[in-house]
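Written out below as structure tokens is the structure these notes cover.
Atom set for the values below is all heavy atoms of this structure, side chains included, hydrogens, waters and symmetry mates excluded. Just follow the structure's listing: the first ligand is 1, and inside any ligand the first atom is 1. Here the structure is a predicted model, which means the values were calculated and not measured.
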Amino acid sequence: MGLIHSLTNYLKGKKQEETEENKENLDKDFQDLSISDEKFNYKIFIEGIKSKKYKKILFLTGAGISVSAGIPDFRSPGSGLYSKLKEYNLPYPEAIFELGYFRVNPKPFYTLSKELLMGKNIHPSTSHFFIKMIYDLGILHSVMTQNIDGLELEAGLPVEKLCQAHGHYRSCHCISCHKKHDIKKMMECIEKQTIYECENAECQGLIKPDIVFFHEGLPKDFFFKSLEVRKADLVIIMGTSLVVMPFAGLAKSISKEVPIVVINRENSLKDKRENFLFLGGDLDKNVKKIVKDLDMLESYEKIQDESLNKKSSLISKQE
Ligand code: CNA
């Protein structure tokens with residue numbers, strides 16, 4: 001009995017040793033595997049761009065991405081456009097984008113337009129170059145912006161990738177007879193600060209760039225491209241307070257499975273959702289960190305140099 005008992009214990013011990021050894025070997029085998037039980041986080045975001053797991057990245061952007069480009073946003077206290085419009089002698093800040101006021105006094109809009117389009121110190125920001133970098137990687141779905149400055153194009157993005165929900169300065173029309181007018185002439189008038197009037201002598205309406213004023217409808221292109229939002233596999237929201245409708249509604253139409261990254265001073269996406277990452281604080285700093293973590297500082301700087309050289313050659317051609 002004693003002998004059988006000792007033999008059984010010996011065999012049990014032997015089996016346990018073998019099992020431990022087996023486990024250790026298996027652990028060594030599994031060393032190169034990694035498990036993440038979080039659905040989405042910064043590391044997944046960076047790796048997903050690096051490996052081109054995301055192939056249709058959509059940007060939703062606002063005035064915040066152009067602040068470091070030299071254009072104030074609307075609402076930042078102290079530095080925002082609305083708090084800086086005193087020098088324009090407006091009855092109230094929003095009047096600058098109201099058709100009724102423009103009919104009576106188009107001058108403030110002309111002054112603002114000149115500053116926006118021809119200001120010497122205005123150039124694309126870190127965010128604009130980042131967007132171009134994503135485009136160059138071949139993984140950009142599109143950019144939908146509330147901005148009217150068109151700095152994405154100056155950073156080198158092709159126009160078909162950009163939807164400007166609140167209009168742009170690439171075309172213009174008469175606010176009375178709605179006839180399309182010459183945009184080059186519009187630009188000359190903005191530069192010289194002379195008012196462009198309708199070329200139809202009987203009309204004499206005022207010509208306005210196709211910027212959407214308050215109570216005007218949004219461009220058809222916006223509604224068409226809004227349907228495309230659902231095709232994105234990653235959404236990056238930058239520099240917007242997401243309060244202006246219908247643009248703010250775009251964020252709500254993104255499916256729960258699609259990850260959203262908000263890069264903004266404050267979290268402007270109020271909805272609670274999985275697959276969500278908020279990068280708070282300064283926009284330029286956050287974007288620069290992303291570029292660095294992607295190991296793409298060199299490509300980024302090349303894009304920046306190309307755009308800045310192009311701009312300076314444009315300026316020297318005009319002068
Ligand atoms: P907004 O309401 O002014 O919000 C801007 C957002 O950007 C805010 O949430 C800020 O906290 C954030 N922000 C600003 N600077 C930084 C920074 N350095 N780092 C991080 N976050 C920052 O602007 P929205 O675009 O949301 O509002 C829509 C308006 C603004 C649209 O009608 C635009 O046409 C209009 N707008 C456009 C321009 C332009 O074309 N550049 C300029 C001013 C206003």
- Query: Counting each atom of ligand 1 from 1 as listed, which ones have a heavy atom of Gly281 under 4.0 Å away?
  - Reply: 19 (N), 20 (C)
- Message: Using heavy-atom distances only, which candidate in Leu283, Ile263, Thr61 approaches atom 19 (N) of ligand 1 most closely?
- Response: Leu283
- Mark up the atoms of ligand 1 that fall under 4.0 Å of a heavy atom belonging to Ile71, in ascending order. 41 (N), 42 (C)
- Task: For Gly62, counting its heavy atoms only, list the atoms of ligand 1 lying under 4.0 Å from any of them.
- Result: 25 (O)
- Message: With no hydrogens and no angle check, just 3.5 Å: does a side-chain donor-acceptor pair link Glu191 and Tyr110?
- Response: no
- Task: Going by heavy-atom distance to atom 2 (O) of ligand 1, choose the closest among Gly150, Ser241, Ser268.
- Result: Ser241
- Note on the structure: Note: ligand 1 atoms sitting under 4.0 Å from heavy atoms of Ser66 are 41 (N)
- Query: Under 6.0 Å from the NZ atom of Lys50, do we count more than 12 heavy atoms belonging to anything else shown?
  - Reply: yes
- Task: Can you label the angle between the Phe40 ring and the Phe45 ring as parallel, tilted or perpendicular, going by 30° and 60°?
- Result: perpendicular
- Query: Relative to the ring of Phe213, is the ring of Phe97 parallel (under 30°), tilted (30 to 60°) or perpendicular (over 60°)?
  - Reply: perpendicular
- Query: Which ligand 1 atoms are under 4.0 Å away from a heavy-atom of Pro72?
  - Reply: 42 (C), 43 (C)
- Task: Just jot down the ligand 1 atoms closer than 4.0 angstrom to any heavy atom of Gly64, in number order.
- Result: 5 (C), 7 (O), 13 (N), 14 (C)
- Item | Nearest-option assignment for atom 11 (O) of ligand 1, heavy atoms, candidates Met238, Glu266, Gln164 | Glu266
- Query: Which of the atoms in ligand 1, numbered in the order shown and given with their element, are less than 4.0 Å from a heavy-atom of His166?
  - Reply: 31 (C), 32 (O), 33 (C), 34 (O)
- Task: Mark up the atoms of ligand 1 that fall under 4.0 Å of a heavy atom belonging to Gly239, in ascending order.
- Result: 5 (C), 6 (C), 7 (O)
